[in-house]
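These notes concern the structure reproduced below.
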Amino acid sequence: MNSLEHVLCEKRSYSREFASHHHEFGQFLFPLQGSLDIKTKGQEVNLNEDHCFYLPPQLEHEYRSKDRNEFLILDVPTHYLPEQTYNMHFQLDTQWSAIRYLLLEEAKRPDSASSLVNLARYVVSKLQTSNPASIDYIHNHFKEPITLETLAKIEHYHPVYYSSWFKKRTGKSLKMYLTELRLQEAKNLLVSTSWSMSKISEELGFENSSSFTRWFGNSEGIAPQKYRFLNNG
């Protein structure tokens with residue numbers, strides 16, 4: 001598709017037949033009515049009124065809607081985007097709902113070019129400050145057992161594809177990412193509390209203190225008791 005020079009915000013509807021394309025600009029999709037099936041490499045999303053979706057430039061995707069539908073679409077030229085963006089699936093929380101409302105108001109005004117650009121810049125900034133849903137899940141649940149399948153399902157990815165996507169997105173394997181979060185929390189608990197090894201191991205989801213002590217020693221090269229002693233001086 002042709003490149004885009006100016007920010008464009010308008011309502012669109014989609015047909016029941018699958019169509020496939022990519023575009024030279026970034027695109028935010030906000031459902032107003034109905035849903036949209038979107039397929040990208042390794043990902044299948046049914047986009048409904050509780051979510052919004054971002055498609056980066058050059059990403060080949062298929063799409064269709066099996067019901068009566070209407071979407072608010074924000075097309076953003078590449079010169080407003082960071083060098084690298086990724087497709088993202090957002091829960092339509094209070095903040096994203098407010099963004100959708102403001103975009104709807106801007107779309108009604110033919111003379112709103114400058115304010116639409118400012119709003120588009122703000123929306124784009126959220127791509128850099130918002131974590132993908134699965135990474136937020138990791139930060140909220142890293143003390144619990146987390147499966148690759150659970151995380152892949154959150155992002156609507158196949159588990160194998162999710163692993164490569166995660167490493168590309170974070171620069172780390174899922175195992176390393178989880179280990180670093182747990183290790184940092186273990187260090188915080190060792191230094192900031194007087195909890196026993198049993199209490200800390202329970203807090204971090206280990207079966208017993210022996211498992212925790214062995215894991216900490218292998219990860220940090222020092223026993224947790226010694227780490228506490230050296231860092232409480």
Next item on the list: If the plane angle is over 60° it's perpendicular, under 30° parallel, otherwise tilted; pick one for H89 and H156.
Entry: perpendicular

Margin query: Surrounding NE2 of H6 (heavy atoms of other residues, nucleotides or ligands, distance under 6.0 Å), is the total greater than 12?
Written below: no

Check: Do the side-chain N and O atoms of Q128 and S125 include a donor-acceptor pair separated by under 3.5 angstrom?
Finding: no

Next item on the list: Please report the shortest heavy-atom distance between L72 and A107, naming the atom on each side.
Entry: CD1-CB, 4.4 Å

Margin query: For residues 72-81, which residue pairs pass the salt bridge (Lys or Arg N to Asp or Glu O under 4.0 Å) check, not counting sequence neighbours?
Written below: R12-D75

Next item on the list: Could you verify whether a donor N or O on one side chain and an acceptor N or O on the other, from Q33 and E49, lie under 3.5 Å apart?
Entry: no

Margin query: If the threshold is 4.0 Å, N to carboxylate O, is there a salt bridge linking E180 and K172?
Written below: yes

Next item on the list: Please tell me if the side chains of F166 and L148 come closer than 4.5 Å, counting only heavy atoms from C-beta onward.
Entry: no

Margin query: Any non-hydrogen side-chain atom of K187 less than 4.5 Å from a side-chain atom of F216?
Written below: yes

Check: So, the side chain of R228 versus the backbone of A223: is there a donor-acceptor pair under 3.5 Å, distance only?
Finding: no

Notebook entry, point to check: Under 4.5 Å between any side-chain heavy atoms of Y161 and P159, yes or no?
Noted result: no

Next item on the list: Could you tell me whether the side chain of F28 reaches within less than 4.5 Å of the side chain of F53, counting heavy atoms only?
Entry: no

Checklist line | Contact check, side chains of I222 and Y227, non-hydrogen atoms, under 4.5 Å | finding: yes

Margin query: To the closest 0.5 Å, what do you measure between CG (L104) and CD (E10)?
Written below: 12.5 Å

Margin query: Does R182 form a side-chain contact (heavy atoms from CB on, under 4.5 Å) with F142? I'd like the steps, not just the answer.
Written below: CA-CA 7 Å; R182 288 170 176 153; F142 69 87; 3.8 Å; yes

Note to self: According to a hydrophobic-cluster definition based on side-chain heavy atoms being under 4.5 Å apart (Ile, Leu, Val, Met, Phe, Trp, Tyr only), do I38 and F18 belong together?
What the structure shows: no

Note to self: Suppose we call two aromatic rings close when their centres sit under 6.0 Å apart. Are Y177 and H139 close by that rule?
What the structure shows: yes

Notebook entry, point to check: Quick one: do the H61 and H22 side chains pair a donor with an acceptor below 3.5 Å?
Noted result: no

Could you list the donor-acceptor pairs under 3.5 angstrom formed by side chains in residues 91-103, with sequence neighbours left out?
from	atom 1	to	atom 2	distance (Å)
Q91	OE1	H51	NE2	3.1
D93	OD1	Q95	N	3.2
D93	OD1	W96	N	2.9
Q95	OE1	K126	NZ	2.7
Q95	NE2	Y122	OH	3.1
S97	OG	L92	O	3.4
S97	OG	D93	O	2.9
R100	NH1	P31	O	2.9

Checklist line | Residues H141, I146; criterion side-chain contact (heavy atoms from CB on, under 4.5 Å); working and verdict | finding: CA-CA 7 Å; H141 298 273; I146 297 178; 4.2 Å; yes

Notebook entry, point to check: Between N69 (side chain) and S65 (backbone), is there a donor-acceptor pair under 3.5 Å?
Noted result: no

Note to self: Suppose the criterion is side-chain hydrogen bond (donor to acceptor under 3.5 Å, both in side chains): which pairs have a residue in residues 200-214, not counting sequence neighbours?
What the structure shows: K143-E203, N208-S211

Item checked: Test ring-ring contact (aromatic ring centres under 6.0 Å, His included) applied to H21 and Y63, step by step -> CA-CA 9 Å; H21 70 193; Y63 56 94; 4.9 Å; yes

Check: Does any non-hydrogen side-chain atom of P57 lie less than 4.5 Å from one of T85?
Finding: yes

Next item on the list: Decide side-chain contact (heavy atoms from CB on, under 4.5 Å) for Y86 and K168; before the verdict, give the C-alpha distance in whole Å, the side-chain angles of both, and the deciding distance to 0.1 Å.
Entry: CA-CA 10 Å; Y86 303 88; K168 184 176 181 181; 4.2 Å; yes

Next item on the list: Indicate whether the side chain of T78 and that of E24 have a donor and an acceptor atom separated by less than 3.5 Å.
Entry: no

Check: Would D37 and S35 count as having a side-chain donor-acceptor pair, cut-off 3.5 Å?
Finding: no

Next item on the list: State, yes or no, whether a side-chain contact exists between L116 and L74 at a heavy-atom distance under 4.5 Å.
Entry: yes

Item checked: Residue pair Y54 / V123, side-chain heavy-atom distance below 4.5 Å -> no

Note to self: If we count only N and O atoms by modelled type, under 3.5 Å, do the side chains of E60 and S20 hold a donor and an acceptor together?
What the structure shows: yes

Check: Is there a donor-acceptor pair under 3.5 Å between the side chain of E155 and the backbone N or O of S134?
Finding: yes

Note to self: Go through it in stages, so that I can follow the logic: the residues are E44 and K39, the test is side-chain contact (heavy atoms from CB on, under 4.5 Å), and I'd like the CA-CA distance, side-chain angles, deciding distance and then a yes or no.
What the structure shows: CA-CA 5 Å; E44 294 187 17; K39 292 184 179 181; 3.9 Å; yes

Notebook entry, point to check: Does a side chain donor of either S13 or E70 reach within less than 3.5 Å of an acceptor in the other side chain?
Noted result: no

Notebook entry, point to check: Which atom names give the shortest non-hydrogen contact between C52 and F30, and what distance separates them?
Noted result: CB-CD2, 3.7 Å

Notebook entry, point to check: If you measure from OG on S164 to NZ on K167, what distance do you get to the nearest 0.5 Å?
Noted result: 10.5 Å

